[in-house]
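Shown next, in C-alpha cells, is the structure this report addresses.
Quick note on labels: first sequence line is chain A, next is B, and so on, each numbered from 1.
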Amino acid sequence: MKIKHINNTSEFAQTLLQWNKLDNTRQMPWKGEKDPYKVWLSEIILQQTRVEQGLAYYNSFIKKFSNIKKLAAAPDDTVFKLWEGLGYYSRCRNLLATARYISKEKDGVFPSTYEEIVQLKGVGPYTAAAIASFVYNLPHAVVDGNVFRVLSRVFGIDTPIDTTAGKKYFTQLADELLPVKQAGIYNQALMDFGAVVCKPAAPLCETCPFNTSCIALKNKVVDFLPVKEKKLVQKTRFFYFMALQQDGKTYIQQRTGKDIWKDLYQYPLVETADAQPVAAVIKMAKAAGIIPAGAALIHASQPVKQQLTHQKVHGILVQVKVPAAYKAPATYIAVTPKTLQQYAFPKLIHLLWQQENN
DNA sequence: AAAGCGGGGGC
DNA sequence: GCCCCAGCTTT
C-alpha cells in the first residue's frame, strides 16, 4: 500500500517539532525518562486512561516499587490494591507477570528491541513503539488515539480507525512521517499535540500550526474525524452482594472467569437480569448455596448505579446474619472490617460502602 | 473481524 | 446521555 496525497512528509514532522520546541509546556514525570521500567509502567497505566487519572497511580507505584524486581516480589493482592480504581484490571495481572518474567528470566534487565518488547504480556504495538522510541530512540512510530485523530484531520483521512485496514493505513502513514533520528521526541510531541491542541472536542484550530494546511479544517469536517465504524452495545446487570455477618466477621471471594473485575474481590454474589425483591434474592441465594438456610435478613441497602463503557450495573448490599455453626465454602475468605481493607474491590462496592456510611 | 474489558471527565 | 482516553487480549 502506498500513501498518496502527501507530498512532503518531513514538513509535517518539522512543523510538529517546532511546535513542541516553542509551545509545548506539557510536563509529566516519565517524560524524558530513560529507565525502561518507569516508561513501561507509565505506558501500561496510561492505556485507555487519561494522563490526569493515571498520574497518582504512577507515583504510588514508583514510590512503593522503585525497580522491577521489587514489583516482581510483591504479593498479587498488594499490587492489585495499588491498582484498585484504575480499571482494566488485566493490565495489572499482565504487569505482574511481565515484572516476574523479566526479574526471573532476564535477571531484571528490560529488553531493548521492539521485537522483544512487543512480545511482553500486556504490551502491544503502541506500547512497544512508545518504550522503544522513548527509551532507546528506536524508529517506531506510536499510533494511539491522539495519533489517529491528528493524522485523520491534518491529512483528511476518513478511513475508519477501528478496522484492520484503518489501523494498517494509519500505522504506515505514521511510520512514513516519523523523523527516524528523533523518534522519541517526535512521538512524545505528536501525542502531546493531540492532547493539548488537536483535542477530540473543541480543538484549538485558531492557533494550530497546521491551520493553513489541515484538510479537515479546510473541508469543515474537523468534528467528524476520525471516523469510527462500530457502535457499542449496552448491557444492564443487577448485582446483589450478600454480606454474611457471623460473629464480627464477613466473607469475600475473588472474582474469576471471563467477566468484569476479574481478580478483584467481592461479597458472595447473586446476579440477576432485572431488579428483584430482597426476599426473592435471599431465596435464590439459599437455593444456590451462597448463604445457609438459617440466614436472616438484617438490612438491604438502597441500590447504587455505575455506568461502565458497555454495561450499566446496579448494586445492592444485602446484609444477612448467619448461624455461628455455619461452615463457609472453601472459596470464601473470612475477613474482619480491618483485614477487609487489604483487598482490592470494584468501584461499585466502594459506592455501596460510601452510601451505607451516609 | 469482533467482542470484551473500568473508570473518569468533557460536553 | 454519549464519546473518548498514551490499547490489548481473547474468541
Side-chain angles (χ1 to χ4, degrees), chain A residues 26 28-31 33 39-58 80 83-95 97-98 117-134 140-150 160-168 170-171 174 184 187-196 198-203 223-235 237 255 257-264 305-313 344-351:
Chain A
R26 207 177 189 212
M28 294 165 288
W30 48 83
K31 209 165 165 179
E33 179 60 58
V39 174
W40 162 69
L41 175 64
S42 73
E43 292 302 337
I44 302 299
I45 286 176
L46 292 174
Q47 286 168 3
Q48 292 291 282
T49 303
R50 293 166 189 274
V51 168
E52 308 83 68
Q53 189 189 359
L55 186 56
Y57 286 86
Y58 173 81
F80 273 93
W83 196 276
E84 184 182 43
L86 192 54
Y88 283 162
Y89 296 93
S90 67
R91 290 184 293 171
C92 185
R93 171 63 57 204
N94 290 330
L95 184 85
T98 294
I117 295 169
V118 79
Q119 287 181 39
L120 300 172
K121 282 187 183 175
V123 174
Y126 161 76
T127 303
I131 297 170
S133 66
F134 295 161
H140 296 271
V142 294
V143 183
D144 74 331
N146 292 302
V147 177
F148 279 122
R149 189 171 56 254
V150 173
I161 62 171
D162 54 350
T163 62
T164 303
K167 287 182 179 71
K168 190 176 171 186
F170 280 93
T171 299
N187 278 337
Q188 286 272 15
L190 184 49
M191 290 193 287
D192 286 343
F193 181 77
V196 174
C198 198
K199 300 181 291 179
D223 291 336
F224 300 101
L225 292 176
V227 172
K228 279 195 178 180
E229 206 165 61
K230 302 167 181 65
K231 43 192 176 290
L232 51 80
V233 190
Q234 285 270 4
K235 270 195 308 187
R237 308 169 72 175
R255 287 181 65 85
K258 303 174 200 112
D259 198 359
I260 55 172
W261 306 323
K262 181 178 185 304
D263 295 329
L264 269 58
K305 254 190 306 186
Q306 190 189 13
Q307 183 67 58
L308 305 179
T309 300
H310 17 252
Q311 302 187 18
K312 184 186 289 186
V313 188
F345 292 88
K347 171 78 173 177
L348 186 65
I349 290 181
H350 281 281
L351 283 175

For [N], does OP1 or OP2 lie under 4.0 Å from any side-chain N or O of [X]?
| X | N | result |
| --- | --- | --- |
| A/Thr127 | C/dC8 | yes |
| A/Trp261 | B/dG7 | yes |
| A/Gln48 | B/dG6 | no |
| A/Lys230 | B/dA2 | yes |

Measure [atom1]/[X] against [atom2]/[N] and give the value in whole Å, please.
| X | N | atom1 | atom2 | result |
| --- | --- | --- | --- | --- |
| A/Phe148 | C/dG7 | CZ | C1' | 10 Å |
| A/Leu55 | B/dG7 | CG | C1' | 16 Å |
| A/Lys167 | C/dC8 | NZ | C1' | 11 Å |
| A/Arg91 | C/dA6 | CZ | P | 12 Å |
| A/Leu348 | B/dG7 | CG | P | 8 Å |
| A/Trp40 | C/dC8 | CH2 | P | 14 Å |
| A/Arg93 | B/dG6 | CZ | P | 13 Å |
| A/Lys199 | C/dA6 | NZ | P | 12 Å |

Out of the candidates A/Trp83, A/Tyr88, A/Tyr89, only one should pair with A/Leu86 under the side chain to side chain contact (heavy atoms under 4.5 Å, CB included) rule; please name it.
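For A/Leu86, the side chain to side chain contact (heavy atoms under 4.5 Å, CB included) check succeeds only for A/Trp83.
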
With a 4.0 Å cut-off on heavy atoms, is [X] in touch with a base, just the backbone sugar-phosphate, or nothing at all?
| X | value |
| --- | --- |
| A/Val147 | nothing |
| A/Arg26 | base |
| A/Ser90 | nothing |
| A/Ile45 | nothing |
| A/Gly85 | sugar-phosphate |
| A/Trp83 | nothing |
| A/Asn187 | nothing |

Give me the atom names and distance for the closest heavy-atom approach of [X] to [Y].
| X | Y | answer |
| --- | --- | --- |
| A/Arg26 | A/Met191 | NH1-O, 4.2 Å |
| A/Val227 | A/Leu225 | CG2-CD2, 3.8 Å |
| A/Gly54 | A/Thr49 | N-CG2, 4.1 Å |

Here's a test of your reading of the structure: between A/Ala201 and A/Lys347, which maps to the more 5' nucleotide of DNA chain B?
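Counting from the 5' end, the first nearest nucleotide belongs to A/Lys347.
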
For C/dA6 and B/dA3, measure between their P atoms and round to the nearest Å.
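About 25 Å, rounded to a whole number of Å.
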
Write down the distance separating the P atoms in C/dT10 and B/dG6, rounded off to the nearest Å.
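Roughly 14 Å separates the two P atoms.
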
The side chain of [X] is closest to which nucleotide in this list: [options]?
| X | options | value |
| --- | --- | --- |
| A/Gln311 | B/dG6, C/dA6, B/dC5 | B/dC5 |
| A/Tyr89 | B/dC11, C/dA6, B/dG6 | B/dG6 |
| A/His310 | C/dA6, B/dG4, B/dG7 | B/dG4 |
| A/Lys258 | C/dC8, B/dG6, C/dT10 | C/dT10 |

Run the ring pair (Phe, Tyr, Trp, His ring centres under 6.0 Å) test against A/Tyr58 and tell me which residues pass, sequence neighbours left out.
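Residues passing ring pair (Phe, Tyr, Trp, His ring centres under 6.0 Å) with A/Tyr58: A/Trp30.
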
Could you tell me the separation between the [atom1] atom of [X] and the [atom2] atom of [Y], rounded to the nearest 0.5 Å?
| X | Y | atom1 | atom2 | answer |
| --- | --- | --- | --- | --- |
| A/Gln311 | A/Ile260 | CD | CD1 | 4.5 Å |
| A/Leu264 | A/Glu84 | CG | CD | 7.0 Å |
| A/Gln53 | A/Ile45 | CD | CD1 | 10.5 Å |

Looking at residues at least two apart in the chain, or sitting in another chain, which of them share a side chain to side chain contact (heavy atoms under 4.5 Å, CB included) with A/Lys121?
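By the side chain to side chain contact (heavy atoms under 4.5 Å, CB included) rule, A/Lys121 matches A/Asn94, A/Ala97, A/Thr98.
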
The criterion is side chain to side chain contact (heavy atoms under 4.5 Å, CB included); which residues satisfy it with A/Thr127, sequence neighbours excluded?
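Residues passing side chain to side chain contact (heavy atoms under 4.5 Å, CB included) with A/Thr127: A/Glu43, A/Ile44, A/Gln47, A/Val123, A/Ile131.
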
Here's a test of your reading of the structure: between A/Asn94 and A/Asp192, which maps to the more 5' nucleotide of DNA chain C?
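Per heavy-atom nearest nucleotide, the more 5' residue is A/Asp192.
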
Would you mind telling me which residue lines up with the more 5' stretch of DNA chain C, A/Met191 or A/Leu120, judged by nearest nucleotide?
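Nearer the 5' end of the strand: A/Met191.
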
Partners of A/Gln307 by side chain to side chain donor-acceptor pair (under 3.5 Å), sequence neighbours excluded?
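Partners of A/Gln307 under the side chain to side chain donor-acceptor pair (under 3.5 Å) test: A/Gln234.
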
Is there any protein nitrogen or oxygen under 3.5 Å from a nitrogen or oxygen in nucleotides 1-4 of chain C, and what are the pairs?
residue : atom : partner : partner atom : Å
C/dC4   : O2   : A/Arg50 : NH2          : 2.9

Are there more than 12 heavy atoms of other residues, nucleotides or ligands under 6.0 Å from atom NZ of A/Lys230?
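Enclosed.
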
Dot-bracket, DNA chain B: Watson-Crick or G-U, under 3.5 angstrom, [ ] crossing, | other strand?
|||||.|||||

